[in-house]
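For this chain, numbers begin at 1 and follow the sequence in order.
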Amino acid sequence: MDFEQFKEELASSVKEIMYSKYGMDVEVEARTMEKMNSSYEALTVKPEDSIIGVNLNATALYQQYEKGMYVLMSNSKM
């Protein structure tokens with residue numbers, strides 16, 4: 001699975017898990033996060049109609065996935 005497909009599946013899984021476990025509809029938006037001397041691809045997760053959310057470091061999660069580590073996805077074991 002390439003990185004773009006991984007981000008899409010991760011976003012879908014986050015939405016599904018948040019709704020099934022907590023009854024919460026969330027927005028998931030892909031963006032590039034800029035840090036002091038680096039940047040990474042992130043998924044910003046926030047409740048609908050909210051301005052506050054959290055960022056999941058999709059770059060780091062994909063690197064772990066490539067190393068064979070388990071990444072929780074609702075549709076499959078990745």
Is there a side-chain contact (heavy atoms from CB on, under 4.5 Å) between L61 and F6 once you walk through the steps?
CA-CA 9 Å; L61 289 171; F6 177 84; 4.0 Å; yes
From [X] [atom1] over to [Y] [atom2], what is the distance, rounded to the nearest 0.5 angstrom?
| X | Y | atom1 | atom2 | result |
| --- | --- | --- | --- | --- |
| E34 | M36 | CD | CE | 12.5 Å |
| Y62 | D2 | OH | CG | 6.0 Å |
| T44 | R31 | OG1 | CZ | 3.5 Å |
| K15 | M24 | NZ | CE | 14.5 Å |

Membership question, hydrophobic clusters at under 4.5 Å side-chain separation (ILVMFWY): are [Y] and [X] in the same one?
| X | Y | value |
| --- | --- | --- |
| L56 | Y22 | yes |
| V28 | Y40 | no |
| L10 | M18 | yes |

Counting neighbours of CZ on F3 that are heavy atoms of other residues, nucleotides or ligands and sit closer than 6.0 Å, is the number greater than 12?
yes
Within a reach of under 6.0 Å around CE of M33, are more than 12 heavy atoms found that belong to other residues, nucleotides or ligands?
yes
Check whether any side-chain N or O of S50 sits under 3.5 Å from a backbone N or O of K46 as a donor-acceptor pair, and report yes or no.
no
Can you check whether E8's main-chain N or O pairs, donor with acceptor, with S12's side chain at less than 3.5 Å?
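It does not hold such a pair.
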Do E41 and T32 have side-chain N/O donor and acceptor atoms under 3.5 Å apart?
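There is such a pair (donor and acceptor under 3.5 Å, judged by atom type) between the side chains of E41 and T32.
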If you take all heavy atoms of K7 and L43, which pair is closest and at what distance?
O-CD1, 3.9 Å
Heavy-atom pair of closest approach, residues M1 and Y65
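What the structure gives for the nearest pair is CB-OH, 3.7 Å.
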